[in-house]
Number of protein chains: 2
Amino acid sequence: MASIKDVAAQAGVSVATVSRVLNSHPSVSPDARGRVLAAVDALGYRPNAVARSLRTDQTRTLGLVISDVLNPYFTALARSVEEEARALGYSVIIGNADERPEQQDHHVRTLLDRRIDGLLVSPADGESPLLLDVARTGTPMVFVDRWIPGVDIPVVRADGHRAIQDLVTHLHALGHRRLAIIAGPAATTTGNERVEAFREAMTAHGLALPDAYIGQGDFQADSGRRVTEHFLSLPEPPEIVFAADNLMALGALDAIRARGLRVPEDIGIAAFDDIPWFVHTGPPITAIAQPTGELGRAAVRALIDIVEGRPPQSVTLPASLVVRSSCGERTTDSGSNE
Amino acid sequence: MASIKDVAAQAGVSVATVSRVLNSHPSVSPDARGRVLAAVDALGYRPNAVARSLRTDQTRTLGLVISDVLNPYFTALARSVEEEARALGYSVIIGNADERPEQQDHHVRTLLDRRIDGLLVSPADGESPLLLDVARTGTPMVFVDRWIPGVDIPVVRADGHRAIQDLVTHLHALGHRRLAIIAGPAATTTGNERVEAFREAMTAHGLALPDAYIGQGDFQADSGRRVTEHFLSLPEPPEIVFAADNLMALGALDAIRARGLRVPEDIGIAAFDDIPWFVHTGPPITAIAQPTGELGRAAVRALIDIVEGRPPQSVTLPASLVVRSSCGERTTDSGSNE
DNA sequence: ATCACCCATGTAATCGATTCCACGGCTTGA
DNA sequence: TCAAGCCGTGGAATCGATTACATGGGTGAT
């Protein structure tokens, strides 16, 4: 592969001049510029990003460590992150933590070793010492979706309080009283917040949220299945199961189906996160939609602000309730996607 | 961030010795090794991967350019690729082409600029001059899922012929005669193959595949919607719509629903690609499952074989029919996931 | 005409690693 | 006892870029 030296030789100039042309430095004669450009073309030369990064100490690359790529919510997030980054001249390296802290740390370390310019992370746990350390050393960093409390790092996320309140109001109006929740890991902020918001909303409607109606999940389908089976085997099963993410809702659906029960006649389902498939499940699922695309873009902008020395901004956007027919709504089902 | 020089100074040895310790070169005294290791620890030193890559001319990174991250099939593929690569000591940088050749080329170029050790690609079109060029220059490369004919590059893919044949037999047995297909882009191998296999299977059953029953899609949900609308407005609409990928099946479902029709009573649906959600759509969708995980792993192994100088191997694995109830099957629906 | 400055360019240092080569001290075999 | 070899080590070249500094010629002001 041709190097800058080859180009210099071919153009009959020094490597410095070639570099100047490539970086559009003003002080190059039109003649030299022309010869360099021709040589670049003739040799199909492309600058070696590795060498350039070593010298300039910047890679124009962002790292994104997400909790689970197979979760459509995170996939969508990753996609919007990559798009915005590309638009701003950065590349993105994605690391999939699979909800496992060790794997998260592995990726963080690898990304740091590659000297990425900044890190976008949605922490799998609430306590990563490594992440705390990275933050302390001053690596540009932004939390997306989930965050770690007590660290002075911008957070870009959706706030589900209002939407969850709307959901509970909606369910209450439909006559449901026994509402259960499949919670996310307590170690994640999103895991906690959604349970808390749910509990508050219930209280506001004078409803109790007994411990038996709080199932501990881990944002994976299997846990949704397991928790739902437990709910169903209770002497008095809930009327509605609210899953704190879309995968656990999938698991809940599995469990209900395995019992030969019907949604919403026998039991209702609602989910946090809205995905295109929720329109087509049997029945379409009432869900809380996050502005995923905007979250990804805002996160990238915040991170690049830090990288380029501007003051970053935390962003919180509202989530919103999308009513369909999985909770016994009478409507000839409807509900749109993002 | 501490460099090898800092470590050398702290340990009272030269950088050469530090490097030897780090690369477990045999010829280092236990004493020196101990001091170096202590210094590494004390400084929290991590070798700069950028510098190392520049010198060794290898990045231990693979590039993966896929057609569409939002497609669950490709997401699953990407995940298994990353896992296998990690297990073998490589990182993966994913580029999302979004089915757009220019964007694919952008990613290929960026990856090459970063001097990735090898490239895994599922070409968005059948003719990328850039890809051809890259192949010619000897960059280690393997095609996954889709490929470009006439290039001497290993291909790892699933063969759907048998499964499509099984599908048509299945549909024929259910009494369906008017079968339509939403094809993928003609520029992709998978796009073509699936139509061809479908046509062959129909012919084998003495059925015709009129042009009106071949809709041109692009593997995106919207095209599935559009094509299905067209099918439905035909004087004699098909009894079954077979979508060549899961997103177009989603679109088809949308279109059918928008018309107020029911599946499978009014029209049946089948899809290439199986995804967890197909179990829960209304009704569960009969689909053709690919061994996605194994495909990803095999592709990585083939690529690393090339990178490390071993002879690579093309791999073709069979896809298989998963019968559910979207085509009017009488069964009290069933069907498993991968 | 002279000085000062600017412009285009080249030389060389530098980034952080790896690795070839040289060197000194020891061991080993003759 | 001496040559040969090995072992642990350090010095320095190298990878491919960027960039500070030096240089020489040209231009404009006085």
Side-chain angles (χ1 to χ4, degrees), chain A residues 1-40 43-61 89 91 109-117, chain B residues 1-40 43-61 91 109-117 137:
Chain A
M1 204 157 263
S3 86
I4 197 172
K5 271 188 211 153
D6 304 316
V7 176
Q10 169 101 6
V13 298
S14 74
V15 294
T17 300
V18 176
S19 177
R20 289 195 187 95
V21 172
L22 264 33
N23 295 284
S24 39
H25 183 100
S27 180
V28 176
S29 68
D31 173 55
R33 155 169 286 108
R35 296 215 311 284
V36 168
L37 260 18
V40 163
L43 297 172
Y45 168 76
R46 304 230 81 214
N48 182 329
V50 173
R52 191 201 295 257
S53 295
L54 176 60
R55 184 62 236 256
T56 61
D57 201 35
Q58 47 160 334
T59 49
R60 292 199 76 82
T61 301
S91 297
R109 249 188 284 268
T110 311
L111 291 168
L112 256 33
D113 287 352
R114 307 197 157 207
R115 298 305 192 264
I116 46 153
D117 292 341
Chain B
M1 203 157 265
S3 84
I4 196 172
K5 272 188 208 150
D6 305 316
V7 176
Q10 170 101 3
V13 298
S14 72
V15 294
T17 300
V18 176
S19 176
R20 290 195 188 95
V21 171
L22 264 33
N23 295 284
S24 39
H25 183 101
S27 180
V28 177
S29 69
D31 174 54
R33 152 168 287 108
R35 296 216 309 285
V36 168
L37 259 18
V40 164
L43 297 172
Y45 169 74
R46 303 230 82 213
N48 183 328
V50 174
R52 193 199 292 256
S53 295
L54 176 60
R55 184 61 236 253
T56 61
D57 201 36
Q58 47 162 331
T59 51
R60 293 201 74 83
T61 300
S91 296
R109 250 188 285 268
T110 310
L111 292 168
L112 254 33
D113 287 352
R114 311 202 148 193
R115 300 304 193 262
I116 47 153
D117 292 341
T137 63

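When reading the values below, keep in mind they use all heavy atoms of this one structure, side chains included, and skip hydrogens, waters and symmetry mates.
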Checking all strands, does A:S27 fall into the base, sugar-phosphate, or nothing category for heavy-atom contacts under 4.0 angstrom? base
In whole angstrom, give the distance that lies between atom [atom1] of [X] and atom [atom2] of [N].
| X | N | atom1 | atom2 | answer |
| --- | --- | --- | --- | --- |
| B:D113 | D:dA17 | CG | C1' | 13 Å |
| A:D31 | C:dG10 | CG | P | 11 Å |
| B:D57 | D:dA17 | CG | C1' | 14 Å |
| B:M1 | C:dG16 | CE | P | 11 Å |
| A:H25 | D:dA17 | NE2 | C1' | 16 Å |

So, B:R115 side chain and B:T59 main chain: donor-acceptor pair closer than 3.5 Å or not? no
Any donor-acceptor N/O pair, A:S19 side chain to A:V15 backbone, under 3.5 Å: no
Between CG of A:D113 and CG of B:N48, what distance do you get to the nearest 0.5 Å? 8.5 Å
Which value, rounded to the nearest 0.5 Å, describes the distance between B:L22 atom CG and B:R33 atom CZ? 10.0 Å
Walk along nucleotides 17-27 of chain C from 5' to 3' and tag each nucleotide B, S or - by protein heavy-atom contact under 4.0 Å, base first, then sugar-phosphate. BBBB-------
Determine whether A:R52 and A:N23 make a side-chain contact, defined as any pair of heavy atoms from C-beta on separated by less than 4.5 Å. yes
Check this for me: does any side-chain nitrogen of one of B:D31 and B:R35 sit under 4.0 Å from a carboxylate oxygen of the other? yes
